[in-house]
There are 2 protein chains.
Amino acid sequence: MAEVIDLADPADPRLDDFRDLKDADRRPDLPGRKGLVIAEGTIVVRRMLGSRFAPSALLGVARRFEELAGDLAGVDVPCYRTSAEVMAEVVGFHLNRGVLAVARRPAVFTMAELLDGAHTVAVLEGVNDHENLGSIFRNAAGLGADAVLFGDRCADPLYRRSVRVSMGHALRVPFAPVPEWPHGLAELRRRGFLTIALTPDPAAANLATAMSGERVALLLGAEGPGLTPEALAACDVRARIPMSAGTDSLNVATAAAMAFYERVRTR
Amino acid sequence: MAEVIDLADPADPRLDDFRDLKDADRRPDLPGRKGLVIAEGTIVVRRMLGSRFAPSALLGVARRFEELAGDLAGVDVPCYRTSAEVMAEVVGFHLNRGVLAVARRPAVFTMAELLDGAHTVAVLEGVNDHENLGSIFRNAAGLGADAVLFGDRCADPLYRRSVRVSMGHALRVPFAPVPEWPHGLAELRRRGFLTIALTPDPAAANLATAMSGERVALLLGAEGPGLTPEALAACDVRARIPMSAGTDSLNVATAAAMAFYERVRTR
């Protein structure tokens, strides 16, 4: 049973994991940082509670703990209840979502662990925008993609903003690095995945035509540069979304959503 | 030929349309406001130059005017060239895109004007988030939707942030209000449009099945509340994107992209 503890002193050391968030969680994934994962707001905290990220504490205002009462019933975690003003002083800015949960990072999955039983995976290269990354996890969850794999130069999916934009799905949809990028993609092929590179190249096949088979890996690069030549060369097929002339490429999370949608459209 | 004029005084009255943007363009669409439309950055300014929004002036740093030289060659518009510091003082914040263009709003289209020759239109209700609105225009342009129609309670597509997020396509994809919402939808039906309401309702038809015919109008409501019962009742068909259980509805701009994609997927 979660224990609700009323606190009024912003300097209380039990709140240290929530302190000065803007600074504290800048690149929490780097060595030497605490590696904390922060969930903000009722929906995301709820998703964290149902994930492998077991929170070590919650901080929030009374109303939010009331909303979360059912979710917290069977959970052994301290819930620090205070005012919006004290919360703002602790975290360093006004937080209108009214509740936070903090968790340590669990062990990282390996790619091999995620591929058993998977039918659709996204593979990202150079997606270094936290919001785009969060949106990709949200879209993966909504449209039933099984996992997200990371090639080089991607942002941290557990950064606070990514987690928030993902609606907490960055804590649910499993992810892992691809070892030895892009050579590690060969493992996908060995396991029967068709590797499809998304590109605006007009010479590429139409996405609807290219998508086939039991197991599909969809490779997406950052908006603008797209996939590197090395990543493109390591794929089985190049596919494009049929776009209008004279427009930019679509946002990478939108392109991912369309590829996931193409995968499930007649489900 | 665009005339480049060097300015160093942030108080210069020729810069008044660019002044204190954060305040000046808050609800520029309301009566009594100037109704200015601001394009930010090379890409969006370029799109404005090729649109029906004829800019009355540009303000920028030297490097951006060099990038735009080709676009400005045949255009008769004053280009105020200054330093990044003076620009920041005029607009009221640091602007890292380095160039702005300002235009007056042209006459509003009527729905009837936009329907001739249109095959795919989006109809929005309650989409009051400027970024979502901007993304919808970007996706409409990228995937060949012909027009955006506005029901009740939508945000201003010409607000600076909408225009920026749209990559300037809010200035290109035409839009118009639906008169007498939602009764005005009858006009779409009279013109042979199949009106399809997007909803997460599991009882709705699959989007892939529902989409048919020469002319389609796709109705989208805000994330969360979705379309009102009145709007749903005014449509021919209800359709859903096949989503995973236990997830939220997709972002409205992402849902729009998938509906546009379903329309063009085998083009």
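Keep in mind that what you see is a predicted model, and the values were worked out from it rather than measured.
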Verdict with supporting geometry, Arg238(B) and Thr199(B), side-chain hydrogen bond (donor to acceptor under 3.5 Å, both in side chains): CA-CA 7 Å; Arg238(B) 298 178 191 201; Thr199(B) 163; over 6 Å; no

Heavy-atom pair count under 4.5 Å with chain B, highest-scoring of Leu143(A), Leu207(A), Ile241(A), Thr209(A): Leu143(A)

Expected output: side-chain Glu125(B) to main-chain Thr228(B) donor-acceptor under 3.5 Å: yes

Max heavy-atom pair count under 4.5 Å with chain A, selected residue of Gly144(B), Ala208(B), Gly246(B), Gly142(B): Gly142(B)

Phe137(B) and Phe150(B) aromatic ring geometry - parallel, tilted or perpendicular at 30°/60° bounds: tilted

Side chain Arg215(B), main chain Leu115(B), donor-acceptor under 3.5 Å: yes

Top contributor to chain B interface from Asp248(A), Thr254(A), Val264(A) [non-hydrogen pairs under 4.5 Å]: Asp248(A)

Chain B interface, residue from Ala257(A), Pro242(A), Ala141(A) that has the most non-hydrogen pairs under 4.5 Å: Pro242(A)

Region of Arg47(A) in contact with chain B, defined by heavy-atom distances below 4.5 Å: side chain

Result of checking Val121(A), Val123(A), Asp236(A), Val216(A) against Phe193(A) for side-chain contact (heavy atoms from CB on, under 4.5 Å): Val121(A)

